[in-house]
Structure formats: structure tokens, C-alpha cells
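Have a look at the structure below before the remarks.
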Amino acid sequence: MRLSKYFVPTLKEVPNDAVVISHILMLRSGMVRMLSAGIYSFLPLGYKVIKKISEIIREEMDAIGGQEFHLPALNPREIWEETGRVEAFGDTMFHLKNREYVLAPTHEEIMTFHARNVVKSYKDMPQIWYQIQTKFRNEPRPRSGVIRGRQFLMKDAYSFDTSWEGLDKSYELHDKAYRKIFDRCGLKYFVVGASSGAMGGTGSEEFMVKSSAGEDTVAYCESCGYAANVEVATSRIDAAERDAESKSIYEISTPNVHSIDELCDFLVIDETQCAKSRIYLNNDKPVLILMLGNDEVNETKLEKVLGGNIRPAHPEELKDISGADAGSIGPVGFSGRIIADNRLKNANNMFSGANKNDYHIGGIDFNRDIPNIEYADLRIVQSGEGCPRCEKHLEVFPAIELGHIFKLGTKYSEAMGANFLDENGKEHPIIMGSYGIGVERVMACYIEQNHDANGIIWNKLLAPFQVHLLGLNLKKQEVSDTCAIIYNELKHNNIEVLFDDRDVTAGFKFNDADLLGMPIQVVIGEKKLKENKCEVKVRKTGERFDVELSGLMNKVKELLG
RNA sequence: CGGGGUGUAGCGCAGCCCGGCUAGCGCGCUUCGUUCGGGACGAAGAGGUCGUAGGUUCGAAUCCUAUCACCCCGACCA
């Protein structure tokens, strides 16, 4: 492809609205343009990458027996009523105004619809059906460019089995296929086992990559691969030590001391001697939560322990409940339910609030002074804490979900009456799995992980072109002749080549080449040409070397091999 | 939905507080010439209903009201 004829509107300046690096580079390299918030057009260069990713996905899905469909995005609303998901999705689902249609945010219902009409016998299964299709979700707040859009490409697959063992097998196949897909794409990813959430099911895994643009926070151990959403993650961390002797409790005047840090400074003690108090309302009943030092309450864990609804008490409510404002609340004399984090188990000689403004209490023995106390794991893990599975340490960071595999079970088949007859002529609901990959996210995450100050660094599998041929000063006959020969030769060797034949200065071409990021750059200039040589640059390492024209093709093949 | 911010040429911005003649600057674009291995130089050009609608005023990019769009933080997120 000749760049002079190719629509690749590169940008030197960073567009005002782009914040995350993948978004900036996708705009600057002329791969995408925004049409509206969370709605992007893919330009020729960007679409080429999308097609490469899709092809990798296709190959791996086909390899596990997947069959590709192309389903409508426009769906009758009544199909979605069958499973109650019109309500479940709520405002996230787009509705048409002039007909009872919705825009599909995913395709469980549609695949199940087709299955129930045709898949009637145990002999018809297993099946794996997939598609790569545009999904629509009315995200309240699109962000991070293509990473969270209102319209996005998703590979979604659905498995249909006659037994739970069959489902396990289908799930396993997808797990392996997903690893191959992300490996081939060159992504550094990890797998988080997650609770199945609102989809309803019995098992799921999320494929994540670390990214500052991420919307989930995960705890990850590089050493053993432990990975968990921070909402459920645990860690190895020391509990408070119990002194041999328990002092008796005593009240201390602590004017203007409101935080654990201030308390530590004021009394010259360590934060591990303090119990921080938080009051939550659980179904409108107050519960005192005690954390060691500055540990944060993990509300997801708390919710699991308490059941029902929880919310932090409003500042105005605190005094009624405890007799003090935030900063002076504590367990001694507190009348409601008290739950302490496991790190506080059996602790003694502790400091906490006195339930009286500007006073704290010292010498608290949790066993002696707080009857009816309960313990649970309630803390949010922090970077650097011990991995719960091995000897190393956890890292906590934001991450993006790239893919999700899911054992759906019979939720959709039961709701929609997708049943089959077994060997004995008995009817059962089909057992389903669902498996998604965000195609644009693969692209964006790749760029997040593979770029430098000058631009994108494509690997050969995702690169829109393998070779970027730069002809410097094409007004020189020998330069343009040589370029034409090399260009044709590369094409004849089935090497995808982008030929910068524009009449712009060398620096312009070099910078665009680095920005676009093809793996290999071949530079044809007057100087080197006098010695029958050209320059080859490897984008990833930045290394460059002179190559005899006669050996160029072999060198390129070697570098791409 | 709550908080903050921004809309002025294709892109990045100044001007707005304190209203005033023809709305500027850089990049990009067009033409000609010179250049030609890390975003060249000179000359001459094209391009804007200042987001939209209403209002105040002799006069509005500038002040007021409404509205729309976009960005950031939060809430939300199969």
C-alpha cells in the first residue's frame, strides 16, 4: 500500500479529549476517530488491526470446534422479556423509539432462541456457536477511548451441552483457546477467578491485563499467578500481637484527635496498637466495625458477612448511635453489634475511641472488654502484603477485563424453554456456557503494553503491515526506482508493506513510521544507495543496520521469522 | 445521576474577568520557488454564523438565561 494514497490521518499534536495512552496513539496514528461519546469509527489502518485480531480469534475458536454465526444487532424486545433481562439491563439497553426493538448488548437470548428451535436431541450436542459482532450498551459514562464504548466489537461464544460434565469440557476448551488467543496477540495477561455476578451461573474466569485505564482493582502475585479482585482478595499479614499482660482500661483526653495518624502522633504509639471504628447500617441497624490501624473496610466482604443492605452511617447519624462523632468512636460501651477484623483477634492493650468526643480509651483487651465481639476478614489487601498462596508478595493495581468465560448453566435455556430429549426420551434444559472477548480492548491493551515515546510498537501478528518502506527524497530517480523494485519484491514475497512515497521530508517520514509502529522499517536514501545499501530498523529495539540491497529480502524474512 | 472543567478554522490554543472598528497565533492545507537522513525555508493564499437558542445593549466571542455536546472525578458497570 502506498501511503500517499492511503487514508491515514496522523496527528502530531495530542487531541484534547484523549487521556489514556492507547486512545492517544490510536488517534494520532490515524486508526480511529470519534463520532460521538463512546462511539468510534475505525479508519482503514485501525480496521486492519481489528481484522488481524478477529482472525486470530476465529482460528482458535474454529480449532475447538466453534462455528461462526452472524446475528442481528436489532432484536425484538419480546425475546429479551422472556428472560427478564430488559429489566435487568435497564437503562444500559438501547431501545428503539419507533418499533419494539432493542439493540443487542450481548446475544445469549438470540443464540438460545436458535438452539431451542433446532437443538432437540442429545445427539445434536455439544455445540459451540460464536460470532464477532457489534454490541450496544448505553454506558452512563463512556471513557478511555475504545476501552469503554457505547458500541463495541465483541467475540461472543455460547456452548450447548447435555450435561454438566459436558459444560466443564466446553469451558475448558474455551479456557485453553483464550490463552492461545491472548498469547498470540502478545498480551501480558492474567486470569482472575470471579464470582459469577448478575449473569447467574456456577463458575467463571476473567482474563485481565494491568492498566491504569482499568476499571477493576485486582491483587496479583507474579510468582504463583494468584489473582483476585480486590473485593474478595486475601493476603498474609500479621495480626496484632497480644501482650503477656493486659493493662486495665483508662480514658485519655485527646483534644482534636480524629484520625489514627493523629492519635499515633499524640500518644506516640504505633498504629498497630489502635483499633479504628467504622459504623455501618445493616438493614437500618447500626453495626460497629473495628479495623486494625489504618486498614480499610472492604464493603464487599462486609456485605457478605452481614447479608442484606449495608451503607456507612452518615456523619449526622453517628452521634445518636455512639454518643460521639467520627474520630472518637470505639467498642467500649458500644451497645450494638460489633464485628472486628481478624487482625484484631485476641488483641490487648489497644487504643480506640471512647464514644465521647475528644476522648480515647487505652488498655482495651478485646477478650475481656468487648463481650459478644465477632471476627471476620474485612480488610482490603494492599500492595506488598504476602500472597495467600505462596511466599511472595501481592501487587494491587487497576486492570482491564479483556475476556470472560462463564458457566451459565440452565438460566437461559430454562427461561426460554430450550430443552432436549435424552437417551431415555426425558426432557432437560440445555446446559450452556458463554464466553466473551472485547476485540477493541485487545487492540487497546496491546498498545497500552507496547509503545514508547515515539508511538506504537506492533508485533508481526497484529501489525497492519510487516514492513514500512520509506523512500527519502523520491525526486531522485535512483531512490524512487529502487523503492519501486523493493516494494514489488516485498509484495511478491507476500510480505505486507506500507510504502511511504509521500513528498515530505525525511524527518516527517521517520516520525510517522515510528508512530505507526510497523515491526520493520526499510529506509532507502541517496547516501546508502551509492554503496548499494539501505538501512533496516527494528522498531521494537530501535537497532538499525545497513544491508546490501541484494540481501535485503532475506534479511527482512529473517527478522520477521 | 452528583461534583469539576471545556466548547473560538482540520488539530492545538489565545482573546472573555473589564463589551467597541476587519476575531488572532502555532501546526496543518493550497500555489510557486528553494530544500531533501529525524516533523525544512521564503513568498503568496484559502479557511471561522466564536456549540445552539433567546435576552441585555447603540454595539456581544466577551454580560445574563436556557439548552446541547465533550472531557475529568465519583456513583454505576453482564
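Just so we're on the same page: letters track the sequence lines, and every chain starts at 1.
Under 4.0 angstrom from either OP1 or OP2 of B:C70 there lies at least one side-chain N or O belonging to A:S36. Contact between the side-chain N/O atoms of A:N16 and the OP1/OP2 oxygens of B:C70 is not found at any separation under 4.0 Å. Taking 4.0 angstrom as the limit, A:R143 places none of its side-chain polar atoms (N or O) nearer than this to OP1 or OP2 of B:C77.
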Taking only N/O atoms, report every protein-nucleotides 25-33 of chain B pair under 3.5 Å with atom names and distance.
residue, atom, partner, partner atom, Å
B:G26, N2, A:E13, OE1, 2.9

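Across all strands shown, A:K509 has no heavy atoms under 4.0 Å from either base or sugar-phosphate atoms. A:E535 comes within 4.0 angstrom of a base, heavy atoms only.
Partners of A:L96 according to the side-chain contact (heavy atoms from CB on, under 4.5 Å) rule, which considers only residues two or more places apart in sequence or in another chain, are A:L74, A:N98, A:Y101, A:L103.
Rounded to whole Å, atom C1' of B:C36 lies 9 Å from atom CG of A:D503. Atom CZ of A:R539 is separated from atom P of B:G38 by 17 Å (rounded to the nearest Å).
Comparing the same atom, C1', in B:U56 and in B:A9 gives a spacing of 30 Å after rounding to whole Å.
When the nucleotides B:G37, B:C70, B:G74 are ranked by their closest atom to the side chain of A:M34, B:C70 comes out on top. The listed nucleotides are B:C36, B:G12, B:C70; the one nearest the side chain of A:N473 is B:C36.
A donor N or O paired with an acceptor N or O is found under 3.5 Å between the base of B:G38 and the side-chain atoms of A:R544.
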